[in-house]
Amino acid sequence: MKAKLSRFWKDLTPGRALIAVLFVWFIMTCIIVPIVHLLGTIFLADGSFSLEPIHKLMKSKKAMNSLRNSFILGPTLSLSVGIVGIFLVLVTEYFDIKGANILRLGYMTTLLYGGIILVSGYKFIYGSNGFLTNALIRIFPSFNRNWFQGYWAVLFVMTFSCTSNHMIFLRNAMRAVDFQTVEAARNMGANQWTILRRVVLPVLLPSLFAVTILTFITGLSAMSAPLLVGGTQFQTINPMIKTFADSTNSKDLAALLSLVLGMATMVLLYIMTQIEKRGHYMSVSKVKTRIVKQKINNPVVNVIVHILAYVLFAIYVVPVVLIVLFSFTSSKNIATRTLDFGSLSLDNYRYLLSASSNYRPFIVSIVYSVLAAVLISVIIVAACRIIQKRKDTLVAGVLNYSLMIPWLLPTTLVALALMLLYNQHHWYMFNRVLTGTMIIMLIGYVVIKLPFSLRMTKAAFFSLDNALEDASRNLGAKGWYTFRRVVFPAILPTVMAVAALNINSLLGDYDMSAFLYHPINPTLGVKVRSLTEDLTNANSTALTFVYAVLMMIISGIVLFLVYGRGSQDNTQSK
Amino acid sequence: MKKTLALLLAAAMMLALCACGKTEAPAPAEEAPAAEATEAAPEATEATETLGTGVELTVYTNSGSSGRDAWLTERAAKEGFKVVVLEDGAGAIQQRLIGEAANPIADVVYGLNAIIWNDLISRDILVAYDAPSWASEVSEGLNNADGYYYAIVKQAIVLAYDAAKLSPEEAPKDWPDLWENEAFHGIYRVEEKLTGGTTRNVLAGILCRYLDPNGELGVSEEGWAAIEKFFQYGVVAESETNLYQEMVDETKPTIMGQMWSSGVVQYDNEFGTTSGWAIPEVGVPYAVEGIGLVNGVQNDEAKYAEALRFIEWFGSAEIQGEWAEQFGTMPANEKAAEKADAVQAEICSIPAQDIDWAVVAANIDDWCEKITLEYMQ
Amino acid sequence: MIRLEDIEVTFGDFTALHDINVHVKEGQFYTFLGPSGCGKTTTLRTITGFNTPSKGRVYVKGEDITDYPVEKRNIGMVFQNYALFPTMNVYENIAFGMRVQKVNKAELDERVRTMAKKVELNDTQLMRKVAELSGGQQQRVAIARALVTNPSIICLDEPLSNLDAKLRVQLRNELKEMQHNFGITTVYVTHDQEEALTLSDRIAVFNNGRIEQIGTPDEIYSHSATEFVCNFIGDINKLRPQLIHEVNRQSNIKVDPDKANYIRLEQLHVNYKRDGDAVSIPARIVSREYYGLYIKYTIEALGQTLKAIEKNDGAAYFPEGTDVNLSFNPAAVMSY
């Protein structure tokens with residue numbers, strides 16, 4: 001014990017002490033204190049704790065149904081996304097499919113847009129007045145217009161919108177498969193199906209687990225899909241949380257429901273951590289060979305797979321194409337779903353550029369998202385480094401779970417927590433009032449994206465070969481030099497990918513912005529909302545399409561900067 | 001060994017924080033006036049120098065979309081006001097004001113509705129002020145009796161229907177007709193979220209007929225039964241659509257639902273519909289857009305004076321008249337009423353329903369919570 | 001050069017090394033040999049500084065370096081999987097240590113290229129990414145990287161274990177030659193006894209976190225100090241009591257039948273003239289394996305199966321089922 005203590009003091013260099021202080025300060029002031037303070041105000045509103053909110057919820061059929069639906073959606077979505085996701089990865093990376101490069105681009109479109117925009121796009125096609133629905137009704141007049149509603153519609157939309165993580169993380173795992181193992185299996189007489197099932201998929205398993213749990217969590221906290229296509233029969237818990245969180249007096253219900261979701265999330269994450277601890281299937285071979293695309297031997301299967309691949313391609317791409325096309329039309333065209341190629345014009349875009357109040361939100365959102373993404377990367381990389389170095393210690397555990405706390409509450413409540421705490425002076429915030437400053441929203445952005453970023457980055461740290469670091473130190477490099485030259489370059493692709501995903505999702509944020517944006521700097525999300533409620537501007541619907549298109553372009557650029565260059569590196573290395 | 005790492009990360013963190021705190025902040029601030037200046041006429045900038053006190057006012061409102069915020073900043077600049085308008089939904093504005101109560105950012109608030117106004121009063125977020133000169137010109141009963149807010153715009157909240165599908169004789173006369181008369185079952189719209197101001201006015205208008213101090217949440221059993229039927233027989237609104245989109249959509253059964261008076265006028269124009277509206281004997285709820293001062297502004301003398309000057313100006317018959325012409329609103333100021341759209345004026349001739357807004361404000365959240373949990377599909 | 005004194009290393013409750021004492025002389029090729037998990041790598045990592053001993057001291061050139069951090073020790077190391085930095089090319093991998101030392105550009109370039117030449121890497125290979133290299137090339141890069149900073153000691157952790165047999169033999173020879181050319185003190189970890197015997201000046205045999213024996217390859221092989229060592233190194237026959245009784249009956253050199261008695265394969269002779277102290281036992285050939293250089297017989301004698309090796313000197317070999325005489329010198333029996 002004494003030895004341990006003296007070791008502790010020896011290890012405590014000024015730098016370490018400073019970083020420890022910074023972390024404690026950040027976690028306390030930006031995460032724990034605001035949230036505890038908020039929960040206190042909510043549950044102890046009358047000075048004492050009451051079980052009333054629990055009774056209210058138990059009594060409500062709607063609440064219980066929503067809760068049940070969320071827990072139905074979670075696992076089923078994991079399954080369906082898993083199947084589609086694996087199929088996508090196999091089609092683009094493993095099997096020899098004609099036009100795989102174009103298919104891949106199509107499947108990647110979900111990285112460009114998400115949430116409301118995506119669901120609206122699907123609704124545009126499958127909704128009661130959608131393209132496909134109208135076409136079907138022309139053929140079968142008795143066809144039910146409202147077919148695209150309820151559980152299956154939600155599952156359908158979310159299945160295709162949640163494959164982003166598969167396309168990033170599972171694809172990377174697939175690229176890491178050692179082709180020699182495939183050849184070895186074939187040499188031993190295994191057929192394609194057996195090879196896939198027994199050799200390739202097991203290697204993907206750890207990544208698959210990780211993305212499956214993320215999908216499960218996404219399913220639990222589904223928002224826009226149930227809202228837009230769930231109809232009355234399939235509503236999930238999160239829209240309800242949002243409703244209650246928006247209402248001044250029902251925050252206790254919102255907090256309670258989100259705690260239920262949060263607990264479920266934590267349990268899943270715990271399971272995931274346990275699975276991770278069992279270790280990864282690392283490739284043992286020194287000389288890896290890159291995968292050679294497999295031609296599907298069975299001609300019938302080959303044709304079926306090709307057809308499926310292109311059907312999926314259409315499912316992914318058509319909404320994007322329609323959103324882009326309709327951004328050149330008027331709201332009337334959009335409302336009636338008529339596309340007249342003669343009437344396409346740049347008017348919407350011209351209008352957008354005509355006033356700075358229209359395009360300024362773009363700049364604001366880009367600046368905020370990029371700054372937040374950079375800050376998150378710094379915090380997360382530092383945290384991961386500590387967790388990696390102090391594996392299995394209390395410090396690592398506490399750090400890990402405290403950065404996960406924001407997953408316990410919906411964005412709205414996190415925003416509110418920050419706002420309610422920092423509208424007053426506190427010594428730990430240097431006696432500064434943060435509400436009404438530019439910085440509070442940045443803190444909010446950083447906080448809500450911590451859990452996801454930590455999950456993804458930590459995995460990269462743990463898959464790193466420890467010998468690399470040993471080698472570097474053995475060659476005389478100190479910790480910082482080793483980190484900078486050896487460790488950081490190795491995890492950089494993941495850090496960049498996570499940053500890109502963060503930027504893209506913060507770009508359209510409304511929930512956080514609504515509470516915390518600075519009067520002179522409205523964000524994109526706020527602007528789009530105000531557009532949708534714009535009555536005098538007959539073309540407001542069309543303008544929201546324009547904003548959607550521009551957001552996709554920005555997301556595309558961000559992804560290109562990260563992946564366009566990254567993939568070049570990859571090809572060189574192989 | 002991690003000394004340098006630690007220091008560097010710390011430095012990076014601090015730098016980033018400072019960057020946003022310092023460099024970030026002034027940059028847009030410098031840009032902002034420039035951005036507004038492009039919209040404002042050049043003489044307005046000059047006018048600022050001669051007319052204004054130079055004190056900047058932060059104005060919160062839910063009535064700033066459709067270019068209203070830009071118009072206001074520009075128009076106010078002509079009178080020498082320097083205003084920054086923050087525009088968001090009524091609920092969001094309410095939340096922000098509550099959240100910022102300890103250190104308010106806003107100086108002036110306008111818009112909202114009586115429910116929210118009363119809620120803000122009960123939370124001590126507003127400060128009462130001496131009636132502006134135009135207060136006496138406002139229709140009776142719209143101003144707050146204690147001087148916390150004075151009305152500028154009124155919106156009648158009506159049950160609107162597609163006149164092409166229903167004749168005035170067939171149409172419902174009042175809200176209870178919707179659930180009492182089977183003919184209307186399944187063709188009227190109910191909202192899927194109860195956070196909107198209009199929705200809450202409608203609910204207030206229904207529930208306040210059944211107030212009973214002994215009932216649950218101050219409403220009699222009969223009242224809850226009525227609400228239950230109201231939601232049971234309605235068609236739940238589709239997300240992100242408005243009433244008129246559903247009305248013109250031949251595939252949807254919906255042909256009637258709640259609407260605010262200026263909405264009736266605007267949507268009729270936009271969608272080419274002709275609306276009719278129910279004229280209940282008890283009258284209709286009016287959403288009163290008022291203007292008030294945020295508690296705290298009185299501590300800064302210069303700001304207080306400027307804020308009062310702004311209110312005096314903005315609520316005047318002249319400006320409210322221009323506002324009405326520009327945005328089709330119904331001025332609460334009777335002297336400006338003639339500038340309003342004729343249809344709008346006609347709707348607003350329906351008498352106001354007698355509603356105790358303080359009671360509503362105190363209970364509406366609980367009512368909505370109960371409805372969401374128990375009666376909504 | 002290197003002295004380990006009473007080293008004990010613990011991981012939590014587990015004691016990985018007990019009382020390790022090793023003395024490596026300058027220029028020696030010193031091998032830590034043992035099965036996996038025996039503590040040989042742990043000992044190596046204690047020298048390089050990746051482990052801190054809970055007891056004992058580490059001296060290099062008489063200086064106590066026990067508390068020196070890894071990066072201050074200047075001991076070269078080649079890792080089992082080479083640990084080449086995947087984000088850098090070959091050149092940068094080799095240059096890494098010098099970049100840390102802030103060696104000026106011209107000198108760095110020259111030293112990288114000289115070293116590359118010594119390990120037979122050409123200029124195009126220098127610019128390659130490490131993933132594009134073959135196993136043998138990767139090993140050479142790893143060695144070059146470890147040697148380029150002129151360390152006084154180089155540690156190699158099973159550097160051949162991931163290679164195929166032929167490459168292993170080839171690289172083993174290259175390694176020996178390089179060590180000879182550079183004259184550098186080398187500590188080598190392996191579980192392969194053949195590697196240990198062919199390469200080493202001295203060998204320390206590890207078992208269960210302790211050193212069983214330290215000696216030259218011949219001492220280790222021919223005079224194994226413990227039963228573990230004699231079993232671990234090379235093929236061996238264990239003699240049963242019945243056979244021992246026969247030996248004691250025939251010879252003046254007595255073997256203790258209560259001990260475990262072993263004899264190496266090459267010490268058994270088939271149909272040899274009996275000379276001096278040798279004993280002769282009737283036996284029968286069960287089977288034979290032909291190796292070219294020698295022939296390995298499986299023989300049954302006194303109800304026990306034994307293996308024996310005969311040099312392939314061109315004489316006719318014994319077919320299966322042949323009755324033969326098995327002779328050996330009881331002095332060659334190792335008893336424990």
Side-chain angles (χ1 to χ4, degrees), chain A residues 13-16 18-19 22 56-57 59-60 62-63 120 128-129 145 227-228 232 243-244 246-250 253 335 355-357 360 364 367 371 374-375 378-379 382 416 419-420 423-424 433 435-436 438-439 442 478-480 483 514-515 519-521 526 530 532-538, chain B residues 1-10 12-13 16-17 20-21 24-25 28-29 32 35 38-39 58 65-67 70 84-89 91-92 94-96 98-103 105 119 193 195 236 239-240 245 249 251 263 266-267 270 327 365-366 368-369 372-374 376-377:
Chain A
T13 59
R16 281 186 187 182
L18 181 66
I19 206 162
L22 275 178
K56 277 190 205 163
L57 286 179
K59 219 170 70 180
S60 163
K62 185 179 157 90
S120 311
S128 62
N129 211 356
R145 265 189 188 282
L227 215 54
L228 263 64
T232 46
T243 308
F244 288 136
D246 284 347
S247 160
T248 24
N249 266 358
S250 306
L253 297 184
S356 76
S357 62
R360 197 182 151 80
V364 172
V367 170
L371 274 177
V374 170
L375 271 177
V378 172
I379 295 169
L416 202 65
M419 191 173 173
L420 282 178
N423 64 16
Q424 291 182 50
V433 171
T435 35
M438 310 257 179
I439 203 167
L442 190 68
K478 285 197 179 171
W480 170 239
F483 178 76
F515 287 95
I520 62 169
N521 280 328
V526 171
S530 111
T532 53
E533 304 199 348
D534 193 335
L535 299 181
T536 50
N537 191 329
Chain B
M1 68 119 220
K2 288 224 308 280
K3 220 184 301 174
T4 7
L5 160 71
L7 278 171
L8 226 111
L9 284 175
M13 265 167 86
L17 283 172
C20 332
E24 199 10 35
T38 49
E39 284 154 35
T58 305
S65 59
S66 315
V84 174
V85 180
L86 182 142
E87 188 272 323
D88 212 324
Q94 181 189 13
Q95 299 259 15
R96 270 190 92 116
I98 296 169
E100 293 165 355
N103 267 293
I105 294 159
D119 178 67
K193 273 202 269 178
T195 38
V236 180
S239 275
E240 316 287 312
Q245 271 169 313
D249 189 337
T251 64
Q266 266 159 345
Y267 284 129
E270 193 178 325
F327 302 109
D365 274 326
D366 292 335
C368 287
E369 185 181 288
T372 309
L373 284 173
E374 294 174 29
M376 285 175 74
Q377 295 162 6

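No hydrogens, no waters, no symmetry mates; every other heavy atom, side chains included, goes into these values. Within every chain, numbering begins at 1; the chains are lettered A, B, ... in the order of the sequence lines, protein sequences first and strands thereafter. Keep in mind the model is a prediction, meaning the values are calculated, not measured.
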Asks: Mind listing the closest non-hydrogen atom pair of A/Lys62 and B/Met376 along with its distance?
Replies: CD-O, 3.6 Å

Asks: By side chain to side chain donor-acceptor pair (under 3.5 Å), which residues pair with B/Glu369, not counting sequence neighbours?
Replies: A/Lys56, A/Ser250

Asks: Just how far is it from atom CG of B/Asn103 to atom CD of A/Gln424, taken to the nearest 0.5 Å?
Replies: 7.0 Å

Asks: Compare every heavy atom of A/Leu416 with every heavy atom of B/Gln95, then report the nearest pair and how far apart it is.
Replies: OE1-CD1, 3.9 Å

Asks: Atom CE in A/Met419, atom CD in B/Glu100: separation rounded to 0.5 Å?
Replies: 4.5 Å

Asks: Highest number of heavy-atom pairs under 4.5 Å with chain A: which of B/Asp249, B/Asp366, B/Thr58?
Replies: B/Asp249

Asks: Identify which part of A/Phe515 has an atom lying under 4.5 Å from any heavy atom of chain B, answering side chain, backbone, both or neither.
Replies: both

Asks: Do B/Thr372 and A/Leu253 have side chains that get closer than 4.5 Å, going by heavy atoms?
Replies: no

Asks: Could you grab the distance from atom CG of B/Leu86 to atom CG of A/Asn521, nearest 0.5 Å is fine?
Replies: 10.5 Å

Asks: Evaluate side chain to side chain contact (heavy atoms under 4.5 Å, CB included) for B/Asp365 paired with A/Phe244, printing each intermediate quantity in order.
Replies: CA-CA 9 Å; B/Asp365 274 326; A/Phe244 288 136; over 6 Å; no

